[in-house]
2 protein chains.
Amino acid sequence: MKPEDYPAPVCPPRGAHPCDACGLRNNPAFLPLAHEQLRLIEAFRTGEREVDAGGAIIHEHRRSTQLFTLYSGWAFRYKTLSDGRRQILGFLLPGDFIGLQDEFADGQTHGVEAVTGATLCTFSRDRLWEMFKAQPKLGYDITWLAAREEKLIDDNLVTAGRRNASERVAMLLMQLYRRAERAGMIKDGWVEFPFNQQHIADALGLSLVHTNKTLRRLQRLGLHKLDNGWLRILEPHALEALGDYFERPLRAVPLI
Amino acid sequence: MKPEDYPAPVCPPRGAHPCDACGLRNNPAFLPLAHEQLRLIEAFRTGEREVDAGGAIIHEHRRSTQLFTLYSGWAFRYKTLSDGRRQILGFLLPGDFIGLQDEFADGQTHGVEAVTGATLCTFSRDRLWEMFKAQPKLGYDITWLAAREEKLIDDNLVTAGRRNASERVAMLLMQLYRRAERAGMIKDGWVEFPFNQQHIADALGLSLVHTNKTLRRLQRLGLHKLDNGWLRILEPHALEALGDYFERPLRAVPLI
DNA sequence: CGGTCCATTGACCCTAATCAAGCCACGTGG
DNA sequence: CCACGTGGCTTGATTAGGGTCAATGGACCG
């Protein structure tokens, strides 16, 4: 609650069978896998990577040769227009699979940047098809993750297109809170909230100044509290109603 | 160019092997499939469906038991807020696969509505996994389609979040034109453009009135021409530059 | 001939962008 | 120790882009 600092990123385990000791897979937020499939993921896995806060995971205009699973830390996907305006497409939490869109991209795609220090498991892009072939179940899971991410963007698009500033902020706070909740990241009602107001503004399609004013207003109303990089939701129902955004309790999802 | 009316929707062929005579599959916009996979798609296929202009393909708050491939006509995915504000998430052209997000949805999802009369091939949602298992290649193709659709929404999110009105219109016109172009739907430089201004407004996150004014302005500048349900791009480079949206020549994609 | 749908335009207003300044918490180097 | 720069947050003043309201007109239809 009065955090020292963000906990140093947890590194994926090493060794012959790193996935056996995976710190994420214990998490009930993720579906268990058959032994055989776990072994295949291990074979598909090429290593791990550590990125500093603010560092690039995928460069916006460079085609990445890898796929990733975010193991620890927070990140976001974004696109920028040529004059520098940036739109954050979505935030990424541990367990999120990164880089799939590139696989089939005709042209330019998006960048991915770490917000906090982050660690990732890396996979070879070339061998994705191999994985589908060897274990269709994993292919199905990847499709699942892709479809789930698409749903998130859908929500974000509604936000950017049709909600006003307060509604946008309310929706985003609840969305992040619910996602963190599913991943078991709530501590005493507080979630790590490592984003600065520029991140929020870029995610919501608002200016920095207006984001600040809106955030303050909601906080003054007692709906939430944002303190030193941690977020507490004080009035979840009010925020849900304001944002017209009601996320159901989230199911467990696959983890690649 | 001076169209009588939109051509009556073309119906998918019937018979024992409807996919053999599929009118879409001849189209070079779509990747050929091995005989074996085509047979499996046929097995997975449950029939066809015809929807009138304005009719629902998927009801917004009802979980659909089917998946679809749009065979003919135009449609769109949308979400509405509880007070009626609507956001169109994306437009659908023949060949687009519909309903995948539902498959893995925790909660509420989106609606799909036909703009013109439309025909669809229907598939059983329950047997999706079966298809992945029997033909991983088809699973891979479905993932491909999902990833491609996600890229489209990404673009739309940038539009709604960061582009101004003229840029939004320019971007949308070029996006639709390029997609129709790939599908071979350009006739003498004209594309069918069956959307009314409310559709455009809802897709762009603008009001109807402002959409009208912006559309008129661009047309008065000679960038495009919108006439009786058909669109002609007069200054593609200007529109691309204005919208800061440059779509590369599009690759062939899978067709389920 | 009235009703409906859609496009169009003008008048007015408001939300959110822009501009500008000040604040605090830092880290760094003299 | 202090001066300075930097990054992030906060606030007020002003402006503008786009929303809202209202009215008109054409095309089509029963």
Side-chain angles (χ1 to χ4, degrees), chain A residues 2-6 52-55 81 83-87 113 115-116 159-172 193-221 224-231 242, chain B residues 2-6 52-55 81 83-87 113 115-116 159-172 193-221 224-231 242:
Chain A
K2 280 278 155 296
E4 348 41 284
D5 242 341
Y6 304 128
D52 290 336
L81 295 176
D83 65 358
R85 279 173 287 177
R86 178 175 77 169
Q87 176 67 36
E113 186 178 311
V115 181
T116 62
T159 293
R162 286 294 174 224
R163 281 184 246 250
N164 67 29
S166 310
E167 293 166 350
R168 289 182 204 211
V169 169
M171 182 277 190
L172 181 67
F193 196 86
F195 313 107
N196 62 30
Q197 296 185 352
Q198 187 67 63
H199 289 125
I200 312 294
D202 286 348
L204 296 180
L206 295 173
S207 72
L208 173 60
V209 172
H210 199 60
T211 300
N212 175 285
K213 288 173 180 171
T214 308
L215 228 24
R216 300 253 71 217
R217 182 150 24 93
L218 296 195
Q219 182 149 340
R220 221 174 297 120
L221 288 172
H224 75 282
K225 198 156 166 30
L226 210 38
D227 182 19
N228 201 237
W230 288 75
L231 166 70
L242 176 56
Chain B
K2 281 279 157 287
E4 345 43 284
D5 242 342
Y6 305 127
D52 290 336
L81 295 175
D83 65 357
R85 279 173 287 177
R86 179 175 76 168
Q87 177 66 38
E113 187 178 311
V115 180
T116 61
T159 293
R162 286 293 174 224
R163 280 185 247 249
N164 67 28
S166 311
E167 293 166 349
R168 290 182 203 212
V169 170
M171 181 279 190
L172 181 67
F193 196 86
F195 313 107
N196 63 29
Q197 296 186 351
Q198 188 67 62
H199 289 125
I200 311 293
D202 286 348
L204 296 179
L206 295 172
S207 71
L208 173 60
V209 173
H210 200 61
T211 300
N212 175 287
K213 288 174 181 170
T214 308
L215 228 25
R216 298 254 74 214
R217 182 148 26 91
L218 297 195
Q219 181 149 341
R220 223 174 297 119
L221 288 172
H224 75 281
K225 198 156 167 29
L226 210 38
D227 181 19
N228 200 238
W230 289 75
L231 166 69
L242 176 57

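The analysis underlying the following values was restricted to heavy atoms, covering all of them including side chains, and did not include hydrogens, waters or symmetry mates. Note that the structure is predicted; figures quoted are calculated from it, not measured.
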Ignoring the backbone of B:Gln197, work out which of D:dC9, C:dT8, C:dC6 is nearest its side chain.
C:dT8
Roughly how far, to the nearest 0.5 Å, is CG of A:Leu218 from CG of A:Leu242?
6.0 Å
For the pair made of CG in B:Leu215 and P in C:dC6, what is the distance, rounded to whole Å?
15 Å
Nearest 0.5 Å, what's the CG-CZ distance between A:Leu215 and A:Arg168?
14.0 Å
Would you mind telling me which of D:dT11, D:dC9, C:dT9 lies closest to the side-chain atoms of B:Arg216?
C:dT9
Heavy-atom distance under 4.5 Å between the side chains of A:Arg162 and B:Arg86, does that happen here?
no
Under-3.5 Å N/O pairs linking protein and nucleotides 12-15 of chain D:
unit_1 : atom_1 : unit_2   : atom_2 : d
D:dG12 : N7     : A:Lys213 : NZ     : 3.3
D:dA13 : N6     : A:Lys213 : NZ     : 3.2

How many Å lie between CG on A:Asn164 and C1' on D:dG19, as a whole number?
12 Å
Do A:Thr159 and B:Gln87 have side-chain heavy atoms sitting under 4.5 Å apart?
no
Is B:Leu206 touching bases, backbone alone, or none of the nucleic acid, heavy atoms closer than 4.0 Å?
sugar-phosphate
In whole angstroms, the gap separating C1' of C:dC14 from NE2 of A:His210 amounts to 11 Å
Rounded to whole Å, the CG-C1' distance (B:Asp227 to C:dT8) equals 16 Å
Give A:Gly54 one of three labels, base, sugar-phosphate or nothing, depending on what nucleic acid heavy atoms sit under 4.0 Å from its own.
nothing
Is the shortest side-chain heavy-atom distance between A:Ile200 and A:Phe193 below 4.5 Å?
yes
Above 12 or not: heavy atoms from other molecules or residues under 6.0 Å from CG of B:Asn164?
yes
To the nearest angstrom, how far is A:Asn196 atom CG from D:dT10 atom P?
12 Å
Sequence neighbours left out, what passes side chain to side chain contact (heavy atoms under 4.5 Å, CB included) with A:Leu208? Give chain and number order.
A:Gln197, A:Gln198
Interatomic distance, A:Glu167 CD vs C:dT15 C1' [rounded to whole Å]:
12 Å
Between C:dC6 atom P and B:Leu208 atom CG, what is the distance in whole Å?
10 Å
Picking from C:dA17, D:dC9, C:dT9, the nucleotide nearest the side-chain atoms of A:Asn212 would be D:dC9
Roughly how many Å is it from CZ in A:Arg163 to P in C:dT15, rounded to a whole number?
19 Å
